[in-house]
2 protein chains.
Amino acid sequence: MSQTATRVYDELRGEILGGRCTPGARLREEELAERFGVSRTPVREALRRLEADGLAVVTPRRGAEVVRWRDEDIAELVELRALLEGQAARRAATGGGVDLVALTELCDRMEEHAGAEGRAADEITRLNLELHRAVHRASGRLLPDLLVRLIDVPVVRRTFHAYSETELRRSFAQHRELIEAIATGDGDWAAAVMHAHIRAAGATLRAGREPDPR
Amino acid sequence: MSQTATRVYDELRGEILGGRCTPGARLREEELAERFGVSRTPVREALRRLEADGLAVVTPRRGAEVVRWRDEDIAELVELRALLEGQAARRAATGGGVDLVALTELCDRMEEHAGAEGRAADEITRLNLELHRAVHRASGRLLPDLLVRLIDVPVVRRTFHAYSETELRRSFAQHRELIEAIATGDGDWAAAVMHAHIRAAGATLRAGREPDPR
DNA sequence: GCGCCTCGTCTTGTACACAAGAATCGGCCG
DNA sequence: CGGCCGATTCTTGTGTACAAGACGAGGCGC
């Protein structure tokens with residue numbers, strides 16, 4: 001079983017992003033090691049990687065804990081996402097290298113899941129994330145790495161759970177428009193759509209923080 | 001002697017940023033451990049931190065090496081710096097919390113060093129970095145962390161060595177203008193100055209790559 | 001009774017040892 | 001003579017033991 005550290009990392013990361021870890025919770029090395037059935041060494045590495053991702057904070061000699069998000073952090077987060085995802089969309093539109101068919105299919109599947117009202121928010125979230133990442137990948141080498149720290153955040157992952165029917169439809173429409181802008185090669189258009197898309201999500205975040213518990 | 005890992009990290013980081021490590025050079029754990037007189041454990045941690053900073057790439061089971069920068073990476077780097085440092089300047093101008101006196105003193109000292117033509121490029125680089133960081137710090141909590149990956153790059157650190165007399169003066173003038181914009185609280189002005197400041201540096205980078213060997 | 005100091009425990013930091021996968025060099029076969 | 005296969009060697013990944021610092025509880029002095 002190779003890549004023990006990566007397994008622990010993925011596991012913990014999933015728990016934090018899924019909101020199954022309460023912010024501020026301590027992450028003791030030995031406890032985690034026992035829980036995952038490994039030694040402290042790979043756990044340490046996993047914790048450092050989480051810190052690099054901005055998901056945990058480790059204080060020297062005092063251990064690691066799940067990162068705590070403050071309100072002003074959320075505001076800054078939305079601003080930066082709007083800026084950087086906008087730039088990613090611009091470069092994706094002008095640089096080529098985007099699989100428009102795959103993007104369209106992601107939209108189709110998202111809208112299907114929205115039709116079937118079986119609390120498909122998790123699946124929609126996953127598909128949405130995949131769509132955004134596809135755009136990021138087409139934007140270069142540095143930008144995707146920067147965006148990881150802004151996208152993989154618990155609060156962002158919960159956005160779709162808070163969307164109203166109207167907001168959901170608007171979001172889907174923006175995805176379609178984004179694809180059209182990219183297909184046209186119009187960088188400004190793509191950036192503007194993405195910018196609006198993110199700001200709209202930010203408004204939902206500000207409006208009702210956690211209307212859906214857990 | 002506590003914080004062994006941090007010491008190794010700082011040392012290696014300095015070597016990479018100072019250009020004393022050739023890109024692509026392998027970083028073997030045992031070799032480094034012996035060189036620093038420590039065990040492999042803190043060396044490992046240092047290497048992972050360097051990877052998180054984008055200064056090294058580690059391939060599982062194949063070790064770490066000093067990151068290699070391609071030309072298109074540099075172009076993307078300049079774009080992103082212009083965008084994000086511009087945003088940092090905007091927030092610094094509108095948010096307050098900037099020590100304008102300290103910034104002005106940094107400018108004074110930089111210009112003094114430029115007057116004394118004793119190859120003071122390293123010192124100017126250091127002061128310039130400090131000025132930029134002061135602006136970053138005033139911009140929030142997330143942005144400074146993102147900027148680390150764009151600022152602490154070997155190529156950026158060499159910029160001042162490549163500046164002509166004219167470019168140097170223009171750069172200093174932009175610093176002064178930036179401070180004025182921040183003092184006025186004009187976010188758009190501050191962002192525009194910073195944007196131009198970075199783009200100008202980018203032009204120098206593109207024009208003469210490494211006119212000053214080592 | 002309150003505050004300070006000290007001792008004990010707990011957790012992380014580092015060193016060391018072993019195991020597993022990768023690269024390389026040599027030999028062998030076609 | 002060239003290519004392929006195997007063994008050796010080298011390097012990293014993981015487990016374990018020990019040391020050092022931090023936190024808390026308890027006792028002592030004022």
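A, B, ... follow the sequence lines: proteins, then strands. Residue 1 opens every chain. Values in this document were obtained by computation on a predicted structure and should not be read as measured data.
- Nearest nucleotide to the side chain of B/R40, out of D/dT12, C/dA15, C/dT12: D/dT12.
- Counting only N and O atoms by type, the side chains of A/H136 and A/E85 include a donor and acceptor under 3.5 Å apart.
- No salt bridge links B/E31 with B/R26; every basic N to acidic carboxylate O contact stays at or beyond 4.0 Å.
- Of the two residues contacting DNA chain D, namely A/P60 and A/T6, the nearest-nucleotide position lying further toward the 5' end is that of A/T6.
- Within residues 41-48 of chain B, the residues having any heavy atom under 4.0 Å from DNA chain C are, by residue number, B/T41, B/P42.
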### Message
Between A/R176 and A/D108, is the salt bridge (charged side-chain N to carboxylate O under 4.0 Å, His left out) condition met? List the steps.
### Response
CA-CA 10 Å; A/R176 299 283 186 185; A/D108 293 343; 2.7 Å; yes
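- Computed from coordinates, the B/E65 CD to C/dA22 P distance equals 17 Å when rounded to whole Å.
- Salt bridge absent: B/E30 and B/R40 never bring a charged side-chain N and a carboxylate O closer than 4.0 Å.
- Contact check, A/T4 against D/dT14: a side-chain N or O comes under 4.0 Å of OP1 or OP2.
- Residues from residues 22-33 of chain B lying near DNA chain C, meaning a heavy-atom separation below 4.0 Å, are absent.
- Under the rule for a side chain to side chain contact (heavy atoms under 4.5 Å, CB included), the partners of A/R157 that lie at least two apart in sequence or sit in another chain are A/R13, A/L17, A/T125, A/L129, A/R133, A/D152.
- In this structure, A/H161 and A/D122 have side chains that are in contact, with non-hydrogen atoms separated by less than 4.5 Å.
- In this structure, the CD atom of B/E34 is 12 Å from the P atom of D/dT11, given to the nearest Å.
- Rounding to whole angstrom units, CZ of residue A/R61 and P of D/dA19 are separated by 13 Å.
- Salt-bridge check for A/R70 with A/D73: passed, with a basic side-chain N closer than 4.0 Å to an acidic carboxylate O.
- Under the 30°/60° scheme for interplanar angles, the aromatic rings of B/F172 and B/H175 are found to be tilted.
- In summary, A/R141 and B/E72 do not engage in a salt bridge, as defined by a charged side-chain N under 4.0 Å from a carboxylate O.
- Between D/dG21 and A/R62, no contact under 4.0 Å exists linking OP1 or OP2 to a side-chain N or O.
- Going from atom CD of A/Q3 over to atom P of D/dT14 covers 6 Å, rounded to whole Å.
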